[in-house]
Amino acid sequence: MTTIVGDWRNKIMVSDTQYSDDDTGIKYHEEKVFPIPGGWFGGAGHKSDIEKVYAWVCGKTNKKPKIKNSNSFLKMTEEGLFSTDNSLEWETVNTFLAIGTGAMAAEVMLRKDFSAEEAVRAACDVDLASSEPIKIYTLTK
């Protein structure tokens, strides 16, 4: 599915780029983190749900989307790093957080003081649904 790390300490988000189409058995590579006003938004889960939540986060729709699949989302702006699931109730993250199928591998690396980039690379080594190339997104003023 995905590995995305948000690291508030270093104001960075890092993601793998593999999308997996279980229906066709094909994988392809695309962006998983997208620009929002003042920062970045990333989603792990079903692409159609991620697109709906992204539109809502960008203010293209005022109505909170209803999503049924299992998803996780991160957003990072100068105001902080925030995470949510299908509830779309944002919670503040004070240090770092990984989402997606590679989250556990990435979290282990982060807790051992590896960088967000190293954590996502490690997850790509062991998670079937995550692979390089990775992308790095930083907050800049």
Side-chain angles (χ1 to χ4, degrees), residues 1-61 63-141:
M1 179 183 1
T2 293
T3 304
I4 301 175
V5 168
D7 180 353
W8 180 241
R9 303 164 304 173
N10 295 300
K11 313 291 190 287
I12 189 171
M13 287 180 76
V14 181
S15 77
D16 80 304
T17 54
Q18 178 181 319
Y19 277 89
S20 305
D21 185 338
D22 293 334
D23 294 334
T24 62
I26 295 174
K27 69 179 181 179
Y28 57 97
H29 295 272
E30 281 188 18
E31 301 282 332
K32 295 183 179 182
V33 174
F34 308 98
I36 58 173
W40 300 102
F41 166 85
H46 292 263
K47 190 172 184 179
S48 62
D49 290 337
I50 294 166
E51 290 169 347
K52 289 177 193 175
V53 175
Y54 178 57
W56 175 65
V57 168
C58 288
K60 294 179 182 176
T61 178
K63 188 175 180 183
K64 187 186 288 190
K66 293 185 180 182
I67 51 179
K68 297 179 182 175
N69 301 297
S70 179
N71 301 278
S72 300
F73 307 97
L74 291 175
K75 69 177 178 177
M76 181 184 290
T77 66
E78 289 296 330
E79 295 161 3
L81 175 63
F82 305 92
S83 70
T84 191
D85 55 14
N86 286 4
S87 71
L88 300 181
E89 298 294 327
W90 295 98
E91 297 179 5
T92 303
V93 178
N94 293 317
T95 54
F96 53 78
L97 185 69
I99 61 172
T101 55
M104 293 296 269
E107 283 278 339
V108 168
M109 297 297 287
L110 292 164
R111 291 168 190 238
K112 295 288 187 179
D113 291 325
F114 285 86
S115 70
E117 181 179 349
E118 292 168 318
V120 173
R121 287 191 194 284
C124 289
D125 285 344
V126 297
D127 179 48
L128 184 63
S130 300
S131 68
E132 296 189 48
I134 65 168
K135 299 283 185 162
I136 302 168
Y137 309 87
T138 60
L139 286 183
T140 57
K141 291 189 176 186

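The structure displayed is predicted, hence computed values, not measured ones.
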Exercise. Please tell me if the side chains of Glu117 and Val5 come closer than 4.5 Å, counting only heavy atoms from C-beta onward.
Key: no

Taking only distance into account, with no hydrogens and no angle test, what donor-acceptor pairs under 3.5 Å do side-chain atoms of residues 41-50 form with protein atoms, sequence neighbours excluded?
from: Lys47; atom 1: NZ; to: Glu30; atom 2: OE1; distance (Å): 2.9
from: Asp49; atom 1: OD2; to: Asn69; atom 2: ND2; distance (Å): 2.9
from: Asp49; atom 1: OD2; to: Asn71; atom 2: ND2; distance (Å): 3.0

Quiz item: Of the non-hydrogen atoms in Met109 and Ala122, which two are nearest, and what is the gap between them?
Solution: CG-CB, 3.6 Å

Practice problem: Grab the two heavy atoms, one from Cys58 and one from Pro35, that are nearest each other, plus how far apart they are. | Solution: SG-O, 4.1 Å

Quiz prompt | side-chain contact (heavy atoms from CB on, under 4.5 Å) evaluation trace for Ile67 with Phe73 | solution = CA-CA 12 Å; Ile67 51 179; Phe73 307 97; 3.8 Å; yes

Exercise. Could you please spell out the steps behind the side-chain contact (heavy atoms from CB on, under 4.5 Å) verdict for Glu31 and Tyr137?
Key: CA-CA 11 Å; Glu31 301 282 332; Tyr137 309 87; 2.3 Å; yes

Exercise. Might you point out which heavy atoms bring Ser131 and Gln18 nearest each other, and give the distance in Å?
Key: OG-OE1, 2.7 Å

Practice problem: Kindly say whether Val33 contributes a backbone atom to a donor-acceptor pair with the side chain of Tyr54 at under 3.5 angstrom? | Solution: no

Quiz item: Quick check: does any side chain N or O of Lys27 sit under 3.5 Å from a backbone N or O of Ser130, one acting as donor and the other as acceptor?
Solution: no

Practice problem: First locate atom CE of Met76, then atom CD1 of Ile12, and finally report the distance between them rounded to the nearest 0.5 Å. | Solution: 8.0 Å

Quiz item: If you measure from CE on Met104 to CG on Asp127, what distance do you get to the nearest 0.5 Å?
Solution: 12.0 Å

Exercise. Flag yes if more than 12 heavy atoms outside Phe34 fall under 6.0 Å of its CZ atom; otherwise flag no.
Key: yes

Practice problem: Could you check if a side-chain atom of Trp8 sits within less than 4.5 angstrom of a side-chain atom of Leu139, using non-hydrogen atoms only? | Solution: yes

Practice problem: State whether Trp56 and Lys60 meet the cation-pi test: NZ (Lys) or CZ (Arg) under 6.0 Å from the six-membered ring centroid, and within 45° of the perpendicular axis. | Solution: no

Practice problem: Look up atom CD in Glu118 and atom CG in Leu110, then write down how far apart they are to the nearest 0.5 Å. | Solution: 9.5 Å

Self-check item: Heavy-atom closest pair, residues Thr17 and Lys135
Solution: CG2-CG, 3.6 Å

Practice problem: Would you please say whether a donor-acceptor pair under 3.5 Å links the side chains of Asp16 and Thr3? | Solution: no

Practice problem: Evaluate the side-chain contact (heavy atoms from CB on, under 4.5 Å) criterion for residues Thr101 and Leu128: first the C-alpha distance (whole Å), next the side-chain angles of each, then the deciding distance (0.1 Å), finally the verdict. | Solution: CA-CA 8 Å; Thr101 55; Leu128 184 63; over 6 Å; no

Quiz item: How close do His29 and Glu132 get, heavy atom to heavy atom, and via which atoms?
Solution: CE1-O, 3.3 Å

Self-check item: For Ser15, the option from Ile4, Leu74, Val120, Ile134 that meets side-chain contact (heavy atoms from CB on, under 4.5 Å)
Solution: Ile4

Let me check something: any side-chain donor-acceptor pairs from residues 87-95 under 3.5 Å, sequence neighbours excluded? List them with distances.
from: Ser87; atom 1: OG; to: Asp85; atom 2: OD1; distance (Å): 2.7
from: Ser87; atom 1: OG; to: Glu89; atom 2: N; distance (Å): 3.3
from: Glu89; atom 1: OE2; to: Lys64; atom 2: NZ; distance (Å): 2.7

Exercise. Kindly give the heavy-atom pair with the smallest separation between Ala119 and Ala106, and that separation in Å.
Key: CB-O, 3.5 Å

Self-check item: Exceeds 12 heavy-atom contacts within 6.0 angstrom, atom CD1 of Ile136
Solution: yes

Practice problem: Drop me the distance from Lys66's NZ to Asn86's CG, to the nearest 0.5 angstrom. | Solution: 13.0 Å

